[in-house]
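Working notes for the structure below.
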Amino acid sequence: RSYMSTQRRSGFPQVDDPPMQFGPPDQKDPPSLKTRGEEKSHPNEKENNDLSSVSTDDERDDGVSDEIWEDLVRAKEAELDAEEELQDLMIYLQNTKGQQAVKERDLEITKEEEKKRELKREIERLRKEEKQLQDALDLIKKEERERKEIKEKLHQLNPCPMGFNWFKCGGGWRCGGGGHFVSNEQLKKSFAS
């Protein structure tokens with residue numbers, strides 16, 4: 001389940017105004033924030049196949065059990081989901097900042113006191129939402145950096161003989177073909193030396 005979908009269900013403040021456009025000219029709505037397994041709900045949303053080098057289509061190594069392969073496929077999908085969530089969160093944060101800027105501009109030109117009070121409340125709500133989004137984005141980026149550092153170290157110290165990328169699976173890291181595994185304990189020892 002993605003951060004954004006979890007926050008939406010748990011009462012995270014939502015922007016009531018129509019979304020501002022910060023994407024391609026033909027994009028009328030912000031991107032669909034979905035969880036794994038949900039269909040894309042935006043008609044203009046295109047499949048983004050260039051998220052990273054993650055591929056769920058790697059060939060299965062000989063002798064890899066169904067259980068291991070299914071775990072590996074879930075790990076690959078989770079990595080893709082995390083990358084999509086990061087992109088969605090960045091867009092959502094950008095939209096929130098844009099809406100805040102519009103409200104601040106409206107506040108400067110509004111003469112009615114009641115409207116000014118309403119705009120100030122909305123601006124404060126958007127600032128709080130922006131802070132929460134930025135905190136979540138910072139955490140996701142930190143986790144992504146750590147994951148990339150581990151993968152780089154794995155490629156240096158223990159490259160997959162078949163050239164596959166490594167994915168976090170169970171108690172360690174498994175190559176994209178499923179046949180090679182490095183436990184967290186082995187990884188710690190490699191980092192220590």
Look only at the side chain of Lys76 and the backbone of Gly176, and say whether a donor-acceptor pair between them is shorter than 3.5 Å. yes
Asp62, CG: over 12 other non-hydrogen atoms inside 6.0 angstrom: no
I'd like to know if Lys142 pairs up with Glu146 as an ion pair, taking the criterion as any Lys NZ or Arg NE/NH1/NH2 lying under 4.0 Å from an Asp or Glu carboxylate oxygen. yes
Result block: side-chain N/O donor-acceptor pairs under 3.5 angstrom for residues 167-174, not counting sequence neighbours:
residue	atom	partner	partner atom	Å
Lys168	NZ	Asn184	OD1	3.2
Arg174	NH1	Gly178	O	2.9

N-O pairing of Glu118 and Arg121 below 4.0 Å: no
Between Lys115 and Glu122, does at least one N-O distance fall below 4.0 Å, as a salt bridge requires? no
Check this for me, if you would: do Glu144 and Arg147 make a salt bridge, where the nitrogen-to-carboxylate-oxygen distance has to be below 4.0 angstrom? yes
Going by an N to O cut-off under 4.0 Å, is there a salt bridge joining Glu143 and Lys148? no
Could you grab the distance from atom NZ of Lys103 to atom CZ of Arg125, nearest 0.5 Å is fine? 8.0 Å
Could you tell me which non-hydrogen atom of Leu93 sits nearest to which non-hydrogen atom of Gln134, and how far apart they are? CD2-OE1, 3.0 Å
Nearest-0.5 Å distance that lies between atom CH2 in Trp69 and atom CZ in Arg60: 7.0 Å
For a quick test of reading the model, state the closest non-hydrogen atom pair linking Val182 to Leu187 and the distance between them. CG1-N, 4.0 Å
Minimum heavy-atom separation for Lys116 to Leu107, with atom names? O-CD1, 3.6 Å
Stepwise side-chain hydrogen bond (donor to acceptor under 3.5 Å, both in side chains) check, Glu152 with Gln156: CA-CA 6 Å; Glu152 286 174 15; Gln156 292 170 0; 5.4 Å; no
Looking at every heavy atom in both Met90 and Leu137, which two are closest together, and how far apart are they? CG-CD1, 3.4 Å
Under 3.5 Å, is there a donor-acceptor pair between the Tyr92 and Glu129 side chains? yes
With a 4.0 Å cut-off, would you call Arg74 and Asp81 a salt bridge? no
Does Arg117 pair with Glu114 as a salt bridge, N-O distance under 4.0 Å? yes
How many angstroms lie between atom CZ of Phe164 and atom CG of Asp61, to the nearest 0.5 angstrom? 5.5 Å
Please check: side-chain N/O of Gln186 versus main-chain N/O of Ser183, any donor-acceptor pairing under 3.5 Å? yes
